[in-house]
Amino acid sequence: MLNFNSGPAALPESVLQEAAKAVVNYNDTGLSILSIPHRGHLFQAILDESRQLVHELCGLDDSYEVLWMHGGGRLQFCMVPMNFLSPKHAAGYIDSGHWSKEAMDYARHYGDIVMLSSSAEDNYCCLPEWPEVISKALSYVHVTTNNTIYGTQWPKLPKIAAPLIADMSSDIFSRAIDYTNCSMFYAVAQKNIGPAGATLVVIKKDLLKKANHDLPPMLSYAAHANKGSVLNTPPVFAIYVSMLMLRWTKERGIAGIEAENNAKAAALYQEIDRNALFYGVAKKEDRSKMNACYAAHNKAHEKAFIEFCSKQNITGIEGHRSIGGLRASLYNAVSLDDVKQLVAAMQAFEKQHS
Ligand SMILES: *Cc1c(COP(=O)(O)O)cnc(C)c1O
């Protein structure tokens, strides 16, 4: 089955095989990975290796803390303002789509927010302008690097005067980017990292020192950091599979992954632009290499195409329920060959319907 789901997303066969083996007998310990103690040496080794891999893949030094947390993207939408929105200084939000807006709306519960720019008026079909001036007095600036639902993506992250906090849930490890321009970045596992249940959070220690410490421990980044991500029972299996996926990512190398992602996106967008039945939804210059959003000129063709694909063992190409249309997610575990098969299906469908 070719899986273009937006998340939980496809994982490589080799990672799935190893994870399946570990469920029965982890590393010949005679124990299932589902039953190892979370404060023992076996899990500590998994945590240590995963942190090391994140540091390597993102080019970070020890000034960054790597945490694994529960609660998905939405808990980060709450914890970011709870920890870093000071009562004296507003936080800036860049509104480029569904998730960035949700992050901003959650933050309004905790203090003053300024929307620095927005493409809501264009139905998020393009990126907003990057704000020209960013005051260093802002508590932080929040940005979503890839807009999973609308299919746009920031090409790079500039250095700014205030701490930059990035939601990288749907494009982390997909390309070379300067992670060190961020004071914090986070990503839910279920797109490019692993299974749902774990969220990767990386925070500069400087910023961590400024965090609000007057919070219940489960909602405090500092408390999680002090306990090395085992404040309570962590999602051991999700972190383990994420670690396997980080190994897979390192084996291929970010440069190799980026080259394949570029080729995948080019192949699919070329077909979207060529095919008489379909059109791309996002503005060309802002197109995402992770989530290609498109639609059919004749709405009835969308449902028919989804059915056509399912007969050819292609799944996950429905657009998000909030906007409809079609979307193929091209995360790291999706191969160029998978994309070529989707392109072939689009061509065969066009022949049938024109
Ligand atoms: C999927 C996604 C989320 C939401 O994650 P949940 O774990 O479902 O809360 C947040 N941000 C972005 C950019 C996403 O793609």
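One-based numbering along the sequence shown. The shown structure was predicted, so the numbers you read here are calculated from the model rather than taken from an experiment. Just so you know, ligand 1 is whichever comes first in the structure, and atom 1 is the first atom listed for that ligand.
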Fill in the blank from the handout: In ligand 1, the atoms that come under 4.0 Å of a heavy atom of Gly73 are 5 (O), 6 (P), 7 (O), 9 (O)
Practice task
Could you list who else is in Ile317's hydrophobic cluster, with ILVMFWY side chains joined at under 4.5 Å, directly or through other members?
Solution key: Leu2, Phe4, Leu268, Tyr269, Ile272, Leu277, Phe278, Tyr294, Phe305, Ile306, Phe308, Ile314, Leu326, Leu330, Val334, Val339, Leu342, Val343, Met346, Phe349
Practice task
May I ask which of Val188, Thr199, Ile172, Asp167 has a heavy atom nearer to atom 12 (C) of ligand 1 than the others do?
Solution key: Asp167
Handout entry: Within the 6.0 Å centroid threshold, strictly below: His142 and Tyr93
Key = yes
Exercise for the section: Determine the interplanar angle of the His98 and His320 rings, folded into 0 to 90°, and report it as parallel if under 30°, tilted if 30 to 60°, perpendicular if over 60°. Expected result: tilted
Completion exercise
atom 8 (O) of ligand 1: closest protein heavy atom, distance to 0.1 Å, is Arg74 NH1, 2.8 Å
Handout entry: Passing candidate, side chain to side chain donor-acceptor pair (under 3.5 Å) with Asn146, options Ser174, Ser288, Ser169
Key = Ser288
Exercise for the section: Indicate, as side chain, backbone, both or neither, the part of Gln190 found under 4.0 angstrom from ligand 1 when only non-hydrogen atoms are considered. Expected result: side chain
Problem - Ring centers of Tyr279, His297 separated by less than 6.0 Å - result: yes
Completion exercise
One finds that the ligand 1 atoms under 4.0 Å from a non-hydrogen atom of Lys191 are 1 (C), 2 (C), 3 (C), 14 (C), 15 (O)
Practice task
Below 4.0 angstrom from a heavy atom of Thr148, which ligand 1 atoms are there? Numbered from 1 as shown, please.
Solution key: 13 (C), 14 (C), 15 (O)
Problem - Close aromatic pair by centroid cut-off 6.0 Å: Tyr240 and Tyr26 - result: yes
Problem - Contact (N/O only, under 3.5 Å) between Phe77 and ligand 1 - result: no
Exercise for the section: Any atoms of ligand 1 less than 4.0 Å from a non-hydrogen atom of Ser170? List them with their elements. Expected result: 15 (O)
Problem - Any residue meeting side chain to side chain donor-acceptor pair (under 3.5 Å) with Thr249, in chain and number order, not counting sequence neighbours - result: none
Exercise for the section: Would you mind listing which atoms of ligand 1 come within a distance below 4.0 Å of any non-hydrogen atom of Thr144? Expected result: 13 (C)
